[in-house]
*Asks:* 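Sharing a structure here in structure tokens format.
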Protein chains: 2
Amino acid sequence: MVVYAGQGDPQRTMALLWRASTADPGRTTRGPKPALTVDAIVAAAIAVADESGLDGWSMRAVGERLGRTAMSLYTYVPTKRELIDLMYDQAHANLATPVAPSSGWRAEIECWAHDLLACYLRHPWLLQVSHARPVLGPHEQAVLESILRILDRTGLPARAIVSSLFSLVRGSAQSITETRSAATTTGTSDQEWWTLRGDLMRQLVPDFAERFPYSARLAKEPAPGNWEDQAGNAFTDGLAILLDGVESAASPT
Amino acid sequence: MVVYAGQGDPQRTMALLWRASTADPGRTTRGPKPALTVDAIVAAAIAVADESGLDGWSMRAVGERLGRTAMSLYTYVPTKRELIDLMYDQAHANLATPVAPSSGWRAEIECWAHDLLACYLRHPWLLQVSHARPVLGPHEQAVLESILRILDRTGLPARAIVSSLFSLVRGSAQSITETRSAATTTGTSDQEWWTLRGDLMRQLVPDFAERFPYSARLAKEPAPGNWEDQAGNAFTDGLAILLDGVESAASPT
DNA sequence: TGAAACTCCTTACGGCATAAGGTATTGTGT
DNA sequence: ACACAATACCTTATGCCGTAAGGAGTTTCA
């Protein structure tokens, strides 16, 4: 359900994450050829997580997908924790980095945010990986770099903006995957599911409207599209609000 | 016995969450007096989570704190999953709801956001509770209600604003607890920790500055205060930006 | 031709959620 | 007064989990 970080040796994790940059110096050629690679293991691990979430994920499950035992993975990766760090970074690899050449920084930020959102929706388990300590790998670093590059031209203070953007994207992704899994795990359409939930509430909490008048009114308000669209709209609208705020800082009245 | 696959039975969870509202009808008085209450169990469970995080948390640990076995808890609560839902809602109970009477909606929102942030910092495990489906209990509902009440007077569209505020607060809380635990788990001060991390990076990725020029420049920029203050500042500043955006929607130029 | 270095395996341990079923305790119906 | 129903709590057991320990087979170097 929840992956929490124990310690883990940062040096070892970092070395694995950035291993492409440096030739492995300690590698001797003795012994049988490795049948697997770290990359293959990470790919298999991501596939398992994509299919069954982090709940169904385990070292045994990853090994099985590769036709190996769980223990054989420990030849390549020190612990589960490090493997998850590698998965986390690798999942940020193909983020399109589209860079609509010079359509203005606002459009570029929107594009960046939507790409990142799409990444989280492709790999919902990313949102469950707890960062007890921030471990930046090359791919996540590249995501950060690309938004910093966009912001650089605006001359705006980057820290708060970047942090807010990440929060907004992650939060929205969480909302969207929540509504998705609410629908799939119960096997009902989201419409049905929410109707059922509403009936249950009316039965359990008949005085809901008196206790929570504003919530009740909001629930009654018609909203366009299905529930997942609504969560998506909340993202688009929220991003617009945030960028309005950024613009008002960019061009002081 | 019918066991719902994977997730908990929403009906049972909701009944537990909102149980104060309805008199339990099925309760007969036969058998030994219960020595525990659901409230006591939830309180103990929260205490365990506050002390040791969700990874050190288990039904056994909660039972032990109450002088019982893990299995005795199952008399009161159907599964671990439901207990965590109850903990989650209960943790939102004492949010001050300060309501500075009429200091203007912007100040009120800021107050609300800071209270919620404080709640997340008091109970960092809240951020790790995976919302496979959104389960609103009375206390979390009250938090939602209070921000809706504030926004109601402004006449602004609530959905996107509320969603953005929650994202920003949760994301910031995560950043702050990350830097905190980075310091505590390694036993070094945050200053030392980041220096060490920097040294490691320079050694493993000597061409960092060429590959990630904007990130490198940002890292070099002086920033006030320690790292936790910085994360806190990112929250305050991000909130200001977001509220600027809200204001620009409130008063169209 | 060893010996070293390496991959991968089996086995085992302690911890987890929780199913199954036993026992003691309390009330109800007679 | 007494059987019995209903309940709280316990012990035990099952099948997961991460991973420590150590063994067997494979490849290369001295």
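Lettering follows sequence order; numbering is per chain, from 1.
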*Asks:* Tell me the interatomic distance from D55(B), atom CG, to dG15(C), atom P, rounded to whole angstroms.
*Replies:*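 So the CG-P distance, D55(B) to dG15(C), works out to 15 Å.
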*Asks:* Does R202(B) have any side chain to side chain donor-acceptor pair (under 3.5 Å) partners at least two apart in sequence or in another chain, and if so, which?
*Replies:*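 In terms of side chain to side chain donor-acceptor pair (under 3.5 Å), with neighbours along the sequence ignored, R202(B) is linked to D199(B).
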*Asks:* Check the distance between dA8(D)'s P and I41(B)'s CD1 and give it to me in whole angstrom.
*Replies:*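 Rounded to the whole Å, the gap is 11 Å.
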*Asks:* Can you tell me the distance, in whole Å, between the CD atom of E64(B) and the P atom of dG15(C)?
*Replies:*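 Checked: the CD to P distance equals 11 Å.
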*Asks:* Using a 4.0 Å heavy-atom cut-off to protein, can you give one letter per nucleotide of nucleotides 25-30 of chain C, 5' to 3': B if the base is in contact, S if only the sugar-phosphate is, - if neither?
*Replies:* BBBS--
*Asks:* Kindly point out which of dT18(C), dC9(D), dC16(C) is positioned nearest to the side chain of Y74(B)?
*Replies:*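 The nucleotide sitting nearest to the side chain is dT18(C).
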*Asks:* With sequence neighbours left out, what residues match E145(A) under side chain to side chain donor-acceptor pair (under 3.5 Å)?
*Replies:*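 Once residues adjacent in sequence are excluded, the partners of E145(A) under the side chain to side chain donor-acceptor pair (under 3.5 Å) criterion are S215(B).
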*Asks:* By ring pair (Phe, Tyr, Trp, His ring centres under 6.0 Å), which residues pair with F208(B), not counting sequence neighbours?
*Replies:*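 With sequence neighbours excluded, F208(B) shows a ring pair (Phe, Tyr, Trp, His ring centres under 6.0 Å) to F212(B), given in chain and number order.
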*Asks:* Under the salt bridge (Lys or Arg N to Asp or Glu O under 4.0 Å) test, which residues partner D39(B), sequence neighbours left out?
*Replies:*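 Listed in chain order: R19(B).
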*Asks:* Checking L121(A) now: which residues fulfil side-chain contact (heavy atoms from CB on, under 4.5 Å) with it, not counting sequence neighbours?
*Replies:*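 Listed in chain order: L117(A), A173(A), I176(A), T177(A), R180(A).
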*Asks:* Distance check needed: dA17(C) P versus E82(B) CD, whole Å only.
*Replies:*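 Atom-to-atom, E82(B) to dA17(C), this comes out as 14 Å.
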*Asks:* Any chance you could measure Q141(B), atom CD, to W18(B), atom CH2, to the nearest 0.5 Å?
*Replies:*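 Atom-to-atom, Q141(B):CD and W18(B):CH2 are 5.0 Å apart.
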*Asks:* At 10 degrees resolution, what angle do the end axes of the helix from dT1(C)-dA30(D) to dT30(C)-dA1(D) form when each is taken over five base pairs?
*Replies:*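 One end's axis against the other's: 20°.
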*Asks:* Which residues pass the side chain to side chain donor-acceptor pair (under 3.5 Å) test with H139(A), not counting sequence neighbours?
*Replies:*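 H139(A): side chain to side chain donor-acceptor pair (under 3.5 Å) contacts with D89(A).
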*Asks:* Using a 4.0 Å heavy-atom cut-off, write out nucleotides 10-15 of chain D from 5' to 3' as B (base contacted by protein), S (sugar-phosphate only) or - (no contact).
*Replies:* SB----
*Asks:* With side chain to side chain donor-acceptor pair (under 3.5 Å) as the rule and sequence neighbours excluded, what pairs involving residues 40-54 of chain A come up?
*Replies:*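 Output for this query lists D50(A)-H123(A), D50(A)-W125(A), E51(A)-R65(A).
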*Asks:* Please report the distance, rounded to the nearest Å, between CG in L66(A) and P in dC9(C).
*Replies:*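 Interatomic distance, CG of L66(A) to P of dC9(C): 11 Å.
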*Asks:* How many Å lie between CG on L73(A) and C1' on dT7(C), as a whole number?
*Replies:*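 Computing the L73(A):CG to dT7(C):C1' distance gives 12 Å.
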*Asks:* In this structure, how many angstroms lie between the P atom of dG18(D) and the CG atom of L54(A), rounded?
*Replies:*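 Interatomic distance, CG of L54(A) to P of dG18(D): 11 Å.
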*Asks:* Who passes salt bridge (Lys or Arg N to Asp or Glu O under 4.0 Å) against D85(A), sequence neighbours left out?
*Replies:*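 D85(A) satisfies salt bridge (Lys or Arg N to Asp or Glu O under 4.0 Å) with R81(A), R133(A) only.
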*Asks:* In residues 70-78 of chain B, what donor-acceptor pairs under 3.5 Å come from side-chain atoms, sequence neighbours left out?
*Replies:*
from, atom 1, to, atom 2, distance (Å)
S72(B), OG, T69(B), O, 3.0
T75(B), OG1, S72(B), O, 3.1
Y76(B), OH, L36(B), N, 3.1
Y76(B), OH, L36(B), O, 3.4

*Asks:* Between atom CG of L66(B) and atom CD of E64(B), what is the distance when rounded to the nearest 0.5 Å?
*Replies:*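 Between L66(B) CG and E64(B) CD, I get 10.5 Å after rounding to 0.5 Å.
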*Asks:* What's the NZ-P distance between K80(B) and dC16(C), to the nearest Å?
*Replies:*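 That distance rounds to 10 Å.
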